[in-house]
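Written below as structure tokens is the structure these notes are about.
The figures that follow rest on heavy atoms only: side chains count, while hydrogens, waters and symmetry mates do not. Here the structure is a predicted model, which is why all the values come from computation and not from measurement.
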Amino acid sequence: MTTRVIIVDDQAMVRAGFAALLAAQSDIDVVGEAPDGAQGVELSRRTHPDVVLMDVRMPEMDGLEAARRLLTPPPGVTHRPRVLMLTTFDVDDYVYEALRAGASGFLLKDAPPADLIAAVRVVASGDALLAPSVTRRLIADFAKQRPAARGKPALRLKALTERETEVLTLVARGRSNAEIAETLVLAEQTVKTHVSRVLTKLDLRDRAQAVVFAYESGLVVPGE
């Protein structure tokens with residue numbers, strides 16, 4: 001199955017380089033490019049990509065607003081791609097907000113080519129938490145600046161079973177399904193089932209949002 005990708009970045013050389021790299025892969029099809037967020041949203045609505053590579057900082061409309069529009073479409077628009085944020089900085093408040101909005105992860109622009117290819121495949125597959133150690137650090141850094149949420153986020157945790165809460169805690173700490181299975185002495189398929197139930201019960205899109213939720217609800221405390 002071919003993964004359809006669009007690239008949204010205000011630097012033409014970046015777009016061209018990423019497009020050439022991805023188009024050379026037999027399982028990835030680059031279906032378009034855009035120089036800013038507004039045109040990226042329009043292009044996505046028209047081409048229906050599986051994955052959008054979205055730069056954070058752009059003129060006209062930045063990547064955060066564009067991601068929000070793609071991931072929370074207006075009535076009548078059913079297509080929601082997975083969004084992979086591109087950033088020059090490994091700690092970026094815009095990226096944190098993008099994860100909260102439903103982006104599937106982020107990638108540094110200077111990452112090795114193999115990481116970009118792998119990232120697109122990971123995000124397309126739905127296993128959305130990219131580079132867990134870096135993503136976890138980014139979220140933790142900003143969670144330290146925000147008090148643990150009270151009210152609805154914390155109350156939503158009560159919908160989870162004890163095992164599901166354990167799984168969510170380990171997901172938030174950047175553990176893979178295989179690592180969670182080893183820690184809890186479970187089959188990896190069982191862990192996948194628990195993760196799916198957690199996302200459904202908490203109305204979360206993917207693992208990236210689950211990590212954000214775990215910090216904001218107070219389930220996981222930065223530095224623990």
Side-chain angles (χ1 to χ4, degrees), residues 1-37 39-56 58 63 66-67 69-71 73 77-88 90 95 98-99 101-135 171 174-181 187-189 191-193 195-196 199 204-211:
M1 181 177 177
T2 300
T3 298
R4 295 167 56 83
V5 176
I6 67 171
I7 301 165
V8 185
D9 193 294
D10 61 334
Q11 297 181 26
M13 290 184 65
V14 171
R15 295 197 308 272
F18 284 2
L21 179 64
L22 294 174
Q25 310 307 309
S26 61
D27 60 335
I28 298 175
D29 185 13
V30 178
V31 297
E33 304 172 24
D36 61 62
Q39 292 185 55
V41 171
E42 190 278 329
L43 178 64
S44 179
R45 298 268 197 263
R46 182 160 40 86
T47 61
H48 291 187
D50 301 300
V51 176
V52 177
L53 290 179
M54 181 78 73
D55 188 21
V56 172
M58 293 180 289
R69 295 193 184 192
L70 290 177
L71 297 169
V77 177
T78 58
H79 177 255
R80 288 205 311 171
R82 294 190 176 274
V83 177
L84 178 61
M85 304 302 297
L86 299 169
T87 179
T88 306
D90 63 349
V95 179
L99 291 174
S104 293
F106 79 99
L107 185 70
L108 298 180
K109 283 188 176 182
D110 61 359
D115 286 3
L116 172 64
I117 297 167
V120 169
R121 289 171 176 157
V122 167
V123 168
S125 74
D127 191 11
L129 184 56
L130 179 66
S133 62
V134 181
T135 303
V171 166
R175 305 287 180 83
S176 66
N177 286 345
E179 291 170 335
I180 295 172
E188 189 170 345
Q189 184 57 50
V191 172
K192 291 180 180 179
T193 299
V195 171
S196 178
L199 297 180
L204 302 172
R205 180 175 170 84
D206 53 36
R207 294 171 79 100
Q209 281 199 315
V211 174

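Using a 4.5 Å heavy-atom cutoff, the side chains of P81 and R4 are not in contact. For the pair Q25 and V120, the minimum side-chain heavy-atom distance is 4.5 Å or more. Contact annotation: the side chain of V5 never approaches that of F18 to less than 4.5 Å [non-hydrogen atoms, C-beta and beyond]. In this structure, the side chains of L70 and H79 stay at 4.5 Å or more apart for every pair of heavy atoms. Residues R207 and N177 are in side-chain contact: their nearest non-hydrogen atoms beyond the backbone lie under 4.5 Å apart. In this structure the side chain of L22 reaches within 4.5 angstrom of the side chain of I117, judged on heavy atoms. Counting only heavy atoms from C-beta outward, the side chains of L43 and R46 approach each other to under 4.5 Å. In this structure, the side chains of R80 and P73 come closer than 4.5 Å at one or more pairs of heavy atoms.
In this structure, the separation between CG on L116 and CG on L108 is 11.5 Å, given to the nearest 0.5 Å. Annotation: the span from E33 atom CD to I6 atom CD1 amounts to 10.0 Å, rounded to 0.5 Å. Rounding to the nearest 0.5 angstrom, the gap separating the CG atom in D9 from the CE atom in M54 is 10.5 Å. For the atom pair CD1 (I180) and NZ (K192), the distance works out to 11.5 Å, reported to the nearest 0.5 Å.
Between the side chains of T3 and D50, no donor-acceptor pair is found at a separation under 3.5 Å.
A67 approaches V83 most closely through the heavy-atom pair CB-CG1, 4.2 Å. Here the closest heavy-atom approach between residue D206 and residue S104 is recorded as OD2-OG, 3.1 Å. The shortest heavy-atom contact between A19 and V30 is O-CG2, 3.8 Å. Across all non-hydrogen atoms, the minimal contact from V31 to P49 is CG2-CB, 4.4 Å. Between T2 and S26 the shortest heavy-atom distance is OG1-O, 4.3 Å. The two residues A210 and L199 come nearest to each other via the heavy atoms CB-CD2, 4.0 Å.
Proximity of a side-chain donor or acceptor of S44 to a complementary backbone N or O of V41 within less than 3.5 Å is not detected. When atom types are taken as modelled, the side chain of D115 and the backbone of A118 share no donor-acceptor pair closer than 3.5 angstrom.
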Report task. Go through the steps for D36 and D10 under the test side-chain contact (heavy atoms from CB on, under 4.5 Å), then give the verdict. Result -> CA-CA 6 Å; D36 61 62; D10 61 334; 5.8 Å; no
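The side-chain contact (heavy atoms from CB on, under 4.5 Å) test with V123 is passed by exactly one of L107, V51, V52: V51.
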